[in-house]
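Since the structure comes first, as structure tokens, the remarks are kept for the end.
Here the structure is a predicted model, which means the values were calculated and not measured. We name chains A, B, ... by the order of the sequence lines, and we start the count at 1 in each one.
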Amino acid sequence: MKIATFNINGIKARAAALTAWLDAAQPDVAILQEIKSVDENFPRELLEERGYNVETHGQKSFNGVAILSKLPLEDVTRGLPGDDDDEQARWIEATVVGKTALRLCGLYLPNGNPAPGPKFDYKLAWMERLETRARALLASEEPAMMAGDYNVIPQPEDAARPEAWVEDALFRPESRAAFQRIVNLGFTDALRTRLRGPGHYTFWDYQAGAWARNNGIRIDHILLTPQAADLMRDVGIDKEIRGYDKPSDHVPVWVDLDL
DNA sequence: ATGGTGGCCGAGCCA
């Protein structure tokens, strides 16, 4: 079962690029971020006619996450627990059942810039809530994954020019430490099991010819519980679509699990 | 680089 995460940067602007990628890559599950749409305006039919079940957690203009799945999605929940006043749509969960059940968590972690400031505080507070949810997933001792745009550059080798990011919320020590704490609970950073060293990026800014210069960063991650990591057959980045027409500034990251 | 690009939506905000 091929499961991908993809920050599409707006479903309206990305409908053509998204469907072209789905038709070519044929993921069984696609976890989307930054749909930038309310649920009522999400083009479900476009995806349902391709055989996907669609679950969204949208909001007007900003953020918004979704899960597309060729197998039925069960026990869908929306919103990251831990703050009833948080109105930003950044978290969705569902269970997909293959040979065994897999709990899917799709996330769009706050950007946090400028740092320091209230947006950075929100990012770090959100990461504390994420850690709490992550601990519960591990305690379940079942196959589960947390996939999405983490807005964290974990290590210097995850940026083409790490020196350019030292003051940025994506690379500040507090952000990196919070990410590492979560991984260290017992998760596997799926990409790093197969693709090591520098040069494996998932985002290239629209500005200053970042794609042409390969000035990228790795901020889209798939974290697996041990029970999910045991099922992993392959992992990859569909980077070529960054060079197609009207691309997102992110590209898909995927895992193939034996389930 | 107080700009550089792009998406939201129709003026700024967000990234």
Side-chain angles (χ1 to χ4, degrees), chain A residues 5-21 30-44 46-47 56-66 80 85-91 106-127 130 147-154 158-172 174-176 178-179 201-221 239-253:
Chain A
T5 175
F6 188 9
N7 181 323
I8 58 172
N9 189 20
I11 184 60
K12 298 176 193 70
R14 215 64 62 212
L18 174 63
T19 53
W21 168 71
I31 298 170
L32 307 180
Q33 302 87 40
E34 283 206 272
I35 64 173
K36 295 187 174 181
S37 166
V38 293
D39 296 333
E40 308 85 81
N41 292 343
F42 192 84
R44 312 177 58 88
L46 203 58
L47 306 158
T56 61
H57 179 38
Q59 74 178 80
K60 184 179 164 69
S61 298
F62 304 119
N63 308 318
V65 289
L80 180 62
D85 294 329
D86 186 357
E87 295 180 350
Q88 300 193 29
R90 297 178 175 275
W91 182 268
L107 67 104
Y108 175 48
L109 205 147
N111 175 292
N113 281 303
K119 290 186 178 179
F120 192 54
D121 295 341
Y122 173 66
K123 176 178 196 155
L124 296 179
W126 203 94
M127 293 186 83
L130 175 59
D149 177 359
Y150 280 73
N151 268 315
V152 174
I153 303 167
D158 295 312
R161 298 184 58 238
E163 69 280 4
W165 296 91
V166 289
E167 299 294 329
D168 195 284
L170 278 60
F171 194 53
R172 291 191 57 115
E174 300 95 324
S175 308
R176 294 176 55 197
F179 180 81
Y201 309 132
T202 66
F203 169 93
W204 294 259
D205 202 292
Y206 289 120
Q207 305 179 56
W211 169 248
R213 297 164 190 264
N214 194 26
N215 181 17
I217 52 177
R218 188 175 77 97
I219 55 175
D220 299 272
H221 309 298
K239 71 178 286 187
E240 69 285 349
I241 69 167
R242 183 62 179 79
Y244 293 179
D245 284 344
K246 298 283 285 179
S248 172
D249 40 6
H250 296 251
V251 296
V253 182

Problem set entry | A:Asn111 and A:Lys123: side chain donor to acceptor below 3.5 Å |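 Note: A:Asn111 and A:Lys123 side chains miss the donor-acceptor criterion.
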Euclidean distance for [atom1], [N] against [M] (whole angstrom):
N	M	atom1	value
B:dT5	B:dG10	P	24 Å
B:dA1	B:dA11	P	32 Å
B:dC14	B:dC9	C1'	13 Å

For this session: Find the distance between CZ (A:Phe120) and CZ (A:Arg172) and round it off to the nearest 0.5 Å.
Result: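 So the gap between those two atoms works out to 5.0 Å.
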For this session: Find which nucleotide of DNA chain B each of A:Glu34 and A:Pro247 is nearest to by heavy atoms, and output the residue with the more 5' nucleotide.
Result: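 It is A:Pro247, whose closest nucleotide lies nearer the 5' terminus.
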Exercise. Given the rule in the side chain to side chain contact (heavy atoms under 4.5 Å, CB included) test, do A:Lys12 and A:Lys36 qualify, once you have shown the distances and angles that lead to the verdict?
Worked result: CA-CA 8 Å; A:Lys12 298 176 193 70; A:Lys36 295 187 174 181; 5.8 Å; no
Could you check how far [atom1] of [X] sits from [atom2] of [N], rounded to whole Å?
X	N	atom1	atom2	answer
A:Phe203	B:dA15	CZ	P	11 Å
A:Leu170	B:dC14	CG	C1'	13 Å
A:Ile217	B:dA15	CD1	C1'	11 Å
A:Arg161	B:dG4	CZ	C1'	14 Å
A:Asp245	B:dG7	CG	P	12 Å
A:Tyr206	B:dA15	OH	C1'	10 Å
A:Lys246	B:dT5	NZ	P	14 Å
A:Asn113	B:dA15	CG	C1'	9 Å

For this session: Under 4.0 Å between any heavy atoms, over every strand shown, what does A:Tyr108 touch: base, sugar-phosphate, or nothing? Just pick one.
Result: sugar-phosphate
For this session: For A:Arg213, answer base if it contacts any base atom (sugar-phosphate contacts may also be present), sugar-phosphate if it contacts only those atoms, and nothing otherwise; contact means non-hydrogen atoms under 4.0 Å.
Result: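 Result for A:Arg213 = nothing.
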For this session: Check whether any side-chain heavy atom of A:Trp126 lies under 4.5 Å from a side-chain heavy atom of A:Leu107, and answer yes or no.
Result: yes
Exercise. Got A:Glu34 and A:Ser248 here, is their nearest side-chain heavy-atom distance under 4.5 Å?
Worked result: no
Problem set entry | CA sep, side-chain torsions, deciding dist, call: A:Thr56, A:Asp39, side-chain hydrogen bond (donor to acceptor under 3.5 Å, both in side chains) | CA-CA 6 Å; A:Thr56 61; A:Asp39 296 333; 2.8 Å; yes
For this session: Check the angle between the aromatic planes of A:Trp21 and A:Phe6 and answer parallel, tilted or perpendicular using the 30° and 60° thresholds.
Result: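 Taking A:Phe6 first and then A:Trp21, their aromatic rings stand perpendicular (interplane angle over 60°).
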Heteroatom pairs (N/O) under 3.5 angstrom, protein to nucleotides 8-13 of chain B:
{"unit_1": "B:dC8", "atom_1": "OP1", "unit_2": "A:Ala13", "atom_2": "N", "d": "3.4"}

